[in-house]
Protein chains: 2
Amino acid sequence: MTAAEATDMPDDGALRTPDRLRRRTSRLLSQLTVRSDRLINEGLAARADARKWHYAVLASLQDLGPGSQATLSRRTGIYRSDMVGVLNELAGRDLVERTPDPDDRRRNLITISDRGRRQLRRLDQVLDTLHDELLAPLSPYERAQFTRLLTRLLDHHTRAS
Amino acid sequence: MTAAEATDMPDDGALRTPDRLRRRTSRLLSQLTVRSDRLINEGLAARADARKWHYAVLASLQDLGPGSQATLSRRTGIYRSDMVGVLNELAGRDLVERTPDPDDRRRNLITISDRGRRQLRRLDQVLDTLHDELLAPLSPYERAQFTRLLTRLLDHHTRAS
DNA sequence: TCATTGCGTTAGTCCGACTAACGATATACG
DNA sequence: CGTATATCGTTAGTCGGACTAACGCAATGA
């Protein structure tokens, strides 16, 4: 009797996922990202009426100062086509102000408001707890290590491209 | 003069991404996954005229035996709505056979063909080299560790949901 | 002056994940 | 038996995110 025959009787034909599939790093990566994205999106929506783009834009404004939509687009990686909508949402919540740039009349100058600053603080808190959930099974040391590995991989593939 | 004033002169307002954004694990995760998915998709398309679902279905058939479309859907995580298309592609390449199940006339029984088995071997090779590219900057030990951490995280979030 | 470039915006494509509903079975229960 | 319920394969369609194309407008540089 082989090991397989000995152990797997409960109809593996239906439920199981083959190992070579389950172990592939790329698959682990994308499956985890699906969960992570869901966690973050739903968490931000539920607890702060926000989306991750809001965080990206607000953080960029706070940390690097005001800028045109194109500038923000470059800083955050949001496509300039999609930036319009994000800024509409943010302006609708009074978190940013969109004023024509006197120096270059093609531009809108985007500034963060006081409300925006408060919301950014809130978002940072919410994200902290969400990341706590995301990384729950890992020790602090493992979390740091995980992040380090991710960073190195991403750096490598960002330079290369 | 503050540290920031001392160091940042080259117009950080435009190009830089704020640190709190760049460091968030969830963001690292999704950005890396974008690159990873691209690498895998393009690699499989270019080197084996395949998509990742082909691999998932073929591996499932080879390792766990033939099954209905619904079964394959459960094994691979591909939605049964999308399974139709994937099996059309596979059948069009003569990698699987779709025959009506005599025992249950609602079902199609899917079987892997010899060509399918050969293609699966090829896909495994291609995926190995692609993962080598994906994990290039990491040592063997670090790769193992990375995979272990990913697995633990994914397990945690799969049970929880 | 005129060509080029960058800007904000609209519209629309593409793809993957996912839902809804269908006709055709199969199964369970009264 | 008969009828309700569940499952199967399939089609169609929604939704969100990434990305492209093209527009009118303003600034820039030869």
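Protein chains get the first letters and strands the later ones, always in sequence-line order, with residue 1 at the start of each.
- Among the nucleotides C/dA17, D/dA26, D/dG9, the one closest to the side chain of A/Arg105 is D/dA26.
- Along DNA chain C, the nucleotide nearest to B/Asp104 and the one nearest to A/Arg80 differ in position, and the one closer to the 5' end is contacted by A/Arg80.
- Contact between the side-chain N/O atoms of A/Arg98 and the OP1/OP2 oxygens of C/dG8 is not found at any separation under 4.0 Å.
- With rounding to whole Å, A/Asn41 atom CG is found 13 Å from C/dC18 atom P.
- A pairwise comparison of heavy atoms in A/Leu123 and A/Ala48 identifies CD2-CB, 3.6 Å as the closest pair.
- Projected onto DNA chain C by closest heavy-atom contact, A/Val34 and A/Ser68 fall at different nucleotides, the more 5' of which corresponds to A/Ser68.
- Checking the phosphate oxygens (OP1, OP2) of C/dT9, no side-chain nitrogen or oxygen of A/Arg107 falls inside 4.0 Å.
- A close approach under 4.0 Å does not occur between any side-chain nitrogen or oxygen of B/Arg38 and OP1 or OP2 of C/dC15.
- Contact annotation: B/Tyr79 does not reach the phosphate of C/dG16 (side-chain N/O to OP1 or OP2, under 4.0 Å).
- Taking 4.0 Å as the cut-off between side-chain N and carboxylate O, B/Asp49 and B/Arg93 count as a salt-bridged pair.
- Between the side chain of B/Arg106 and the base of D/dT7, a donor-acceptor pair under 3.5 Å is found.
- Using a 4.5 Å heavy-atom cutoff, the side chains of A/Leu150 and B/Phe146 are in contact.
- Put simply, A/Asn108 has a side-chain N or O that comes within less than 4.0 Å of OP1 or OP2 on C/dT9.
- For A/Gln69, a side-chain nitrogen or oxygen approaches OP1 or OP2 of C/dT9 to under 4.0 Å.
- Between the side chain of A/Ser81 and the base of C/dT9, no donor-acceptor pair of N or O atoms lies under 3.5 Å.
- Across every non-hydrogen atom of A/Arg115 and A/Asp94, the tightest pair is CB-O, 3.5 Å.
- Checking C/dG16, C/dG8, D/dA18 against the side-chain heavy atoms of A/Trp53 singles out D/dA18 as nearest.
- Within the 4.5 Å cutoff, the side chain of B/Leu44 has no heavy atoms near those of the B/Arg51 side chain.
- Nearest-nucleotide mapping onto DNA chain D: of B/Asn88 and A/Asp103, the residue sitting toward the 5' end is B/Asn88.
- If you measure from atom CZ of B/Arg75 to atom P of D/dC8, you get 13 Å, rounded to the nearest angstrom.
- In terms of polar N and O atoms assigned as donor or acceptor, the side chain of B/Asp82 comes within less than 3.5 Å of the base of C/dC18 in a complementary pairing.
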